[in-house]
Amino acid sequence: MRTFYLALKYLAVLLWSAFVIFPFLWMISTSFKTANAVTAGAKWLPWLQFEPSLAGWRSLFGGVGGINILKPYANSAIVTLSGSAIALVLGTLAAYGLSRFTFKAGPLRNADITFFFISQRIMPPIVLAIPFFLMLRFLGLLDTLPGLILIYVAMLMPIAVWVMVDFFNSVPRGLDEMAWMDGCTPVTTFLRVILPNALPGLVVAAMFCLIFGWNDFFFAFTMTFTEVQLLPVSLVALNSSVTPWWSLSAAAIVSVAPLAVLAFVVERFLSRGGLAGAVR
Amino acid sequence: MAEIILENLAHAYAPGAPYALKPLHMTWRNGGTYALLGPSGCGKSTMLNIISGLLRPSEGRVLFDGQDVTALDTGKRNIAQVFQVPVIYKSMTVGENLGFPLVCRGASPQKIKARVETVAERLGLTQWLKRPANALTADMKQLVSLGRGLVREDVAAILLDEPLTVIDPQLKFDLRRILKEINEEFRVTMVLVTHDQTEALTFAEEIVVMNHGEVVQMGSPTELFERPATEHVGWFIGSPAMNFLPAVRDSDRIVVPGTALSVTVPAALPDGELKIGFRPEHATLAHSGGDLEGTVGRIWFEGVDEVVGIDQGAHRVKVRVSGTSPARTGATVAVSVPGDRLCVFVNGKRLPSD
Amino acid sequence: MLELSNLSVSEGRAEHLFDVTVGFRKGRLTTLLGRTGAGKTTMMRAIAGLAETDGGRIALDGKDWSRLAPWQRPVAMVTQQFINYPHLSVLDNVAFPLVRRNVLQDKAREAARDMLGRVGLGTMIDRRPSQLSGGQQQRVAIARALVKKAPVVLLDEPFVNLDYKLREGLREELVDLLKAERETIVIYASTDPREALQMGDDVILMAEGRAIQSGEPQNVYARPGTTRAAEVVSDPPINLIGMEVSGGQLRLDRLADLPARALGRDLPAGRYTLGLRAHSIRQGGDLSARVSLTEVSGSETVTHLQAAGQALVMLERTVTNHALGTTIALSLDLGEALVFDAQGRLIEKEPVHG
């Protein structure tokens with residue numbers, strides 16, 4: 001009887017996995033198709049059901065009817081990485097302050113200030129489109145990488161604060177006090193004691209920042225035009241009267257790839273556990 | 001109320017892994033009080049969890065009143081368990097907490113009310129019945145945990161896993177008294193797990209001393225104190241521990257060289273490392289004469305008693321003295337131990353005296 | 001000498017300190033004895049700079065510490081909870097305070113290695129604290145506290161979360177370790193009178209946020225200044241009985257009438273409180289009492305009784321299990337009794353003349 005239930009469980013997992021992975025497999029297979037293969041009904045297996053072709057891929061690198069993806073890719077990487085890095089640093093510092101010290105702003109306390117940070121993400125981005133546009137224009141940073149990085153820092157920092165405040169709250173205060181007893185000033189305590197133990201939290205925060213940053217279309221679209229192009233925006237140019245499914249598939253894979261690799265790497269790190277056993 | 005039999009019970013957390021609980025066989029009578037005593041990691045919590053059903057043993061059976069419950073879920077075994085940390089349902093009042101097990105079993109509201117009131121009165125919780133359970137102090141929360149076990153009239157046994165750990169020392173006495181009273185009145189089989197020997201000795205009729213997953217000795221407090229089965233029991237029970245001195249065989253006696261401590265050789269003496277042990281409470285001090293002469297190395301003042309540490313050569317022996325010790329630090333002193341208070345240990349096991 | 005003058009702490013946790021003035025001497029281990037919530041932890045945190053004071057002064061050798069932040073104070077602390085740096089190896093954990101002082105890493109590690117050897121963890125230096133048992137983790141914490149040779153070392157019930165035999169062993173080890181530190185002021189907090197009296201060169205009794213008495217253990221035990229001090233310092237608990245002296249008779253509230261000479265001294269007529277230690281109550285006599293709990297600890301029995309509405313505690317130096325609820329006959333031996341006046345202050349026995 002137990003083996004029956006076991007088989008049932010595995011079957012359920014298998015079905016669900018298939019359901020989740022199928023779109024990706026389809027996408028990969030589609031990226032190697034030509035126009036004929038795509039329109040002539042569903043075809044799944046390369047070589048057996050259709051002739052694989054690199055046309056879709058070539059269109060990403062300056063091929064026929066395509067774009068050159070390299071520069072936008074690099075721009076996206078720069079903006080996402082810089083924005084995330086700065087947001088992470090500032091956010092973590094803010095989070096530590098909110099976790100360890102008491103702040104008062106009129107009737108507002110720490111929890112309120114933390115919520116204020118997080119509330120920035122509740123607004124639909126479109127609300128910020130015009131104010132950001134005007135601010136960047138005033139600073140002369142429209143259509144530039146630094147300008148975009150600034151926006152990303154503003155949008156990603158709440159995420160960093162959100163994750164890290166929670167994480168720091170779970171680090172017992174006894175650890176800070178022990179560090180003080182051993183001669184660490186609050187700054188040294190933060191750098192040498194708390195931060196090394198905050199790695200899992202930082203990884204999670206970094207993950208979220210990178211994902212949100214990389215996938216952002218809205219601000220990339222509204223704040224840049226010609227000088228600077230980011231990946232999500234550049235892919236729009238691929239479209240034409242006949243939707244080039246193969247190019248789009250290849251583009252999708254290329255866009256998702258860095259995040260997929262990142263998730264894979266991080267997942268193994270995260271599962272090794274964090275602060276277990278610092279203060280019992 | 002049930003008689004609990006542990007039949008050839010053993011547990012290893014994975015096949016091939018070393019035993020967390022070595023094979024044992026034990027019978028606990030209905031309505032008795034037992035304590036599982038041992039240091040951290042000795043297997044006592046493992047045993048308790050097997051009895052309650054939270055853990056399924058890799059070998060052996062658990063029987064309640066002759067019925068095999070090894071495969072039964074905790075809920076079906078009718079066990080009440082009180083943990084180290086009070087377990088209460090925070091969103092309910094004290095009354096609702098106490099009544100919860102009966103609600104789950106579909107008892108009538110009148111019955112629930114009656115049982116809850118009876119148990120609450122027994123535990124001194126009557127005025128708290130309507131208050132949120134979370135508002136109570138730790139010791140009262142433990143009483144609620146205990147009460148939840150008592151509302152069920154058919155509860156087979158109450159298992160307590162170091163329940164007094166979070167309780168303030170001055171409140172421990174009240175809780176211990178209540179536990180004893182409950183046991184007398186309800187005649188429920190009670191098993192207490194602890195590393196505190198006073199708790200075990202106070203509470204239980206019989207104590208199971210465990211070490212490294214093994215049951216070392218099971219006996220009454222007096223038996224454990226006066227006739228420890230192994231050196232470990234002699235060391236673990238009693239504060240300070242039993243004194244152990246290396247001994248050798250000298251024709252028809254076993255002696256501790258350099259002293260007059262000796263015991264007649266019992267009929268069958270196995271080979272192995274010999275030691276003679278005696279309790280600090282059984283020895284007396286005098287200025288001269290006696291079985292062992294040494295210098296007072298250190299005195300521990302404990303208020304009502306003093307513990308005197310006497311050095312003789314490489315040996316350090318402790319003697320408990322009421323009031324003030326006659327000899328002070330640095331003085332020469334003689335220790336006497338009545339012959340019938342000397343225990344002989346071979347390879348760690350005590351030889352039964354004739 | 002570390003001096004606290006009129007120290008008050010009123011914010012923060014449940015504990016407070018009210019106008020505390022005490023001194024701690026170099027080269028001595030001072031134990032703070034008091035129940036949970038008496039103010040021991042608050043006092044230590046105030047000394048460490050972790051609690052804000054509301055008035056008063058802390059000074060070491062005359063130097064005022066009020067302006068010093070915690071990281072500037074020459075203090076080391078070991079807490080109840082095991083606190084070690086999880087991201088550092090055991091060796092680096094202990095070397096940490098030295099490295100913070102700009103000692104070269106090699107020298108720091110050497111000193112750490114040496115200290116770890118002294119606490120018996122020489123083979124564990126490369127492990128992480130999370131891989132160690134509770135007792136080992138506390139040893140690391142102690143090594144780290146001692147390695148920097150701070151003039152003041154604070155230990156807040158460091159062994160209370162360990163099982164009792166381990167606690168006994170670690171206490172001994174700690175005292176041996178500290179013997180070498182001639183210039184250090186060691187302060188050790190405890191709720192256990194026996195532990196405090198045994199370990200301390202000096203004892204400070206604390207209750208309700210005040211330091212109520214200080215002195216050497218033997219003195220504080222033999223002559224507690226107030227009934228409160230007597231309660232704090234006695235284990236087993238002291239019996240405090242209201243007494244009326246009139247017409248050559250001692251009238252112990254509802255318990256017994258005794259001739260005045262039973263006390264062995266002259267008292268003017270009036271109202272007093274009699275302090276009878278548990279061993280001064282004996283079996284056999286005219287007083288009738290009901291057993292409410294018997295606590296056995298190997299060689300002694302502590303029995304809690306109720307007599308005429310008064311709770312009494314009796315200590316017997318044998319193992320006897322008085323059944324719950326039985327009535328036994330008692331007599332009171334006033335030979336070593338303490339007498340407190342109507343305000344609860346100790347009336348000293350007059351020295352015997354002639």
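By convention in this document, chain letters (A, B, ...) are assigned in the order of the sequence lines, proteins followed by strands, and residues within each chain are numbered from 1. What's counted below: heavy atoms across the whole structure, side chains too, no hydrogens, waters or symmetry copies.
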#### Entry: Closest heavy-atom pair and its distance - C/I83, A/L175
CG2-CD1, 3.9 Å
### Task
Answer yes or no: are there more than 12 heavy-atom neighbours, outside C/E110 itself, under 6.0 Å from its atom CD?
no
### Message
Tell me whether the count of non-hydrogen atoms from other residues, nucleotides or ligands lying under 6.0 Å of CH2 in A/W162 goes above 12.
### Response
no
### Message
Quick check for you: to the nearest 0.5 Å, what is the distance between C/L50 atom CG and A/D176 atom CG?
### Response
10.5 Å
### Message
Surrounding CZ of C/R171 (heavy atoms of other residues, nucleotides or ligands, distance under 6.0 Å), is the total greater than 12?
### Response
yes
### Task
Looking only at non-hydrogen atoms, find the nearest pair between C/K148 and A/M181 and report the distance.
NZ-O, 2.5 Å
### Query
Does atom CZ of A/F103 have more than 12 heavy-atom neighbours, drawn from other residues, nucleotides or ligands, at distances under 6.0 Å?
yes
### Query
Between the side chains of C/Y85 and A/D182, is a donor N or O closer than 3.5 angstrom to an acceptor N or O?
yes
### A/T189 portion near chain C, given a 4.5 angstrom heavy-atom threshold
neither
### Query
Run the side-chain contact (heavy atoms from CB on, under 4.5 Å) check on C/M77 and A/M178 step by step: do they pass?
CA-CA 8 Å; C/M77 187 154 165; A/M178 178 59 61; 5.6 Å; no
### Query
Just by modelled atom types, is the A/A198 backbone N or O under 3.5 Å from a matching donor or acceptor in the C/H87 side chain?
no
### Task
Flag yes if more than 12 heavy atoms outside A/Y10 fall under 6.0 Å of its OH atom; otherwise flag no.
no
### Task
Would you indicate whether A/F208, at its atom CZ, is surrounded by more than 12 heavy atoms from other residues, nucleotides or ligands within a distance under 6.0 Å?
no
